[in-house]
Amino acid sequence: MDTDVLVVGAGPTGMTVANELLLAGVRTVLADRLPERSALSRAGGVQSRTLETLDQRGLLDPLLAAGDYPVGTSHFAGLPLPLPTAPHADPDPDTAAFRPRQPWRSVPQVDLEAYLEEHLAAQGLRIRRDHELVALRQDEDGVTADFADGRTLRARYLVGADGGHSAVRSLLKDEFPGRPGTLTTVAADVRLSGVEGLATHHRSPDGHWAGIFPLGTDGQGRPLRRLAMGGPGRSLPRDVPVTEAELRGGLRAVFGERVQLLELCHARRITNVARQVASYRHGRVFLAGDAAHVHLPLGAQGMNGGIQDAFNLGWKLGAAVRGWAPDGLLDSYHTERHRAGTLVLRNIQAQGLLMDWAGAGDPDVTATREVFAELAELPDVRRHLGGLMSGTAIRYPMPDTAAHPFLGLSVPDLDLGPARLYELLRSGRGVLLDPQDALAEAAAPWADRVDRTGRGAATAPLLIRPDGYVCWAGAADSPETLRSALTHWFGAPTGR
């Protein structure tokens, strides 16, 4: 074998997979067809769950220190949502110990990619660019990948993270059911004047609309914005170039003369396509990110969903390569992330309908939006929508364990005295919280895969997977159920 895992596609999804594999001590090759990194920002927001993920690997603080990435405002269908000050995993909103540590941030994808590429390079992994995949074939032992320049690479596993036009997905001939794009809108990176104090979403009485989001600053420290716009007559073919005149006309239709375009940096047209592959796993080949699901980039859920795909898959592939993965662990990637992707597509399609992208002014849509806006003022509804848009509402199925409020959810960043819980997850191993120091003997056979700590206070002992999800919650006097959960997620105990 030339390597253990070949990752095709060096966007945020592919680089996150590669980082997880390196953390697991797995030989990894990261290849991309482009000769250099794209300069287009594409996604512009990083949701709370992704920020937690970065924190759990020690990547968050250096990222935030490297640029001006302000706290953003989340929304659902253009309706603003409060910053996530309520707990995402605790049913009691008064329990301050379980509050999320990070709100949504405005981090352009291009900046995140540059940061992750530098981080991987510091670990000795450099992206192999100009590597266009043209063929792949797999057998019982591995996958063989052929590239356009005649090079061939043999790996035990392959991850396709190569975007919405994925070569890996095409070569697999995987079904990509869903809806094709029926209209386009404009997404542009711009400098604007007259936006100070404005809300993010605006709509004119005749159906023209615009969304303006912060994108940090350019090389000269000047504020950049993501401008999205559409409305009657503004759905043009994707190959029609976006012009300054078009943007100025759209701004004028919504804001009059208040908001002015100072500079157009990059622009593209995006569609309301909504597709998801039938299977995230094909033998030794896995699909992640836009290779597995595509949709409108509302709330940057495409990029964030891809990173969460990678975080879910990486440790499981690492376990398979290292030889301790239990039966079914790799299959659980499809089970967990396909369902998560389905839920994202559902909320994206609902938002697209409520926002009336085409500006048709259908009175039924208008009435539905008005009723929905009233419902969204209810605290429970806002909390639910906030969980969807922050990525913290995903609950994975956990077998053979008693019900618990945390079970299947991403763990909160508990204060454990000298350290935070997320700091303990930076090893890429599982963590057992054992507040009463009563489960040491039961957990000892998995000490090479799971770290145990008795520090701090928690409502109950918790077993946490390397990706930060609670996979067992019990009591100090329940070692048998703990051993069952350890075997299910971390394989056979040492010595067997």
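These values consider heavy atoms only, across backbone and side chains, with no hydrogens, waters or symmetry-generated copies.
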Judged by modelled atom types alone, do [X] and [Y] share a side-chain donor-acceptor pair under 3.5 Å?
X      : Y      : result
Asn347 : Gln351 : yes
Tyr69  : Asp111 : yes
Thr392 : Arg49  : no

Does some side-chain heavy atom of [Y] sit less than 4.5 Å from a side-chain heavy atom of [X]?
X      : Y      : result
Trp489 : Trp315 : yes
Thr453 : Leu433 : yes
Asp2   : Val29  : no
Glu113 : Pro12  : yes
Arg154 : Val143 : no

With under 30° as parallel and over 60° as perpendicular, where do the rings of His334 and His338 fit, or are they tilted in between?
-> tilted
Aromatic ring pairing Trp324/Phe490, orientation class (parallel under 30°, perpendicular over 60°, tilted between) | parallel
Could you walk me through whether Asp415 and Arg420 pass the salt bridge (charged side-chain N to carboxylate O under 4.0 Å, His left out) test, one step at a time?
-> CA-CA 5 Å; Asp415 184 357; Arg420 296 184 289 113; over 6 Å; no
Are [X] and [Y] within salt-bridge range, i.e. N to O under 4.0 Å?
X      : Y      : answer
Arg429 : Asp448 : no
Asp189 : Arg226 : yes
Arg151 : Asp130 : no
Asp162 : Arg169 : no

What do you reckon, is [atom1] of [X] surrounded by more than 12 foreign heavy atoms closer than 6.0 Å?
X      : atom1 : result
Asp327 : CG    : no
Arg126 : CZ    : no
Arg322 : CZ    : no
Arg128 : CZ    : no
Gln123 : CD    : yes
Arg346 : CZ    : no
Glu118 : CD    : no
Arg27  : CZ    : yes

Given Asp309, which of Lys316, Arg337, Arg281 fulfils the salt bridge (Lys or Arg N to Asp or Glu O under 4.0 Å) condition?
-> Arg337
Would Arg284 count as a cation-pi partner of Tyr157, with NZ or CZ less than 6.0 Å from the six-membered ring centre and within 45° of the ring normal?
->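 Flagged: Arg284 positioned over aromatic ring of Tyr157.
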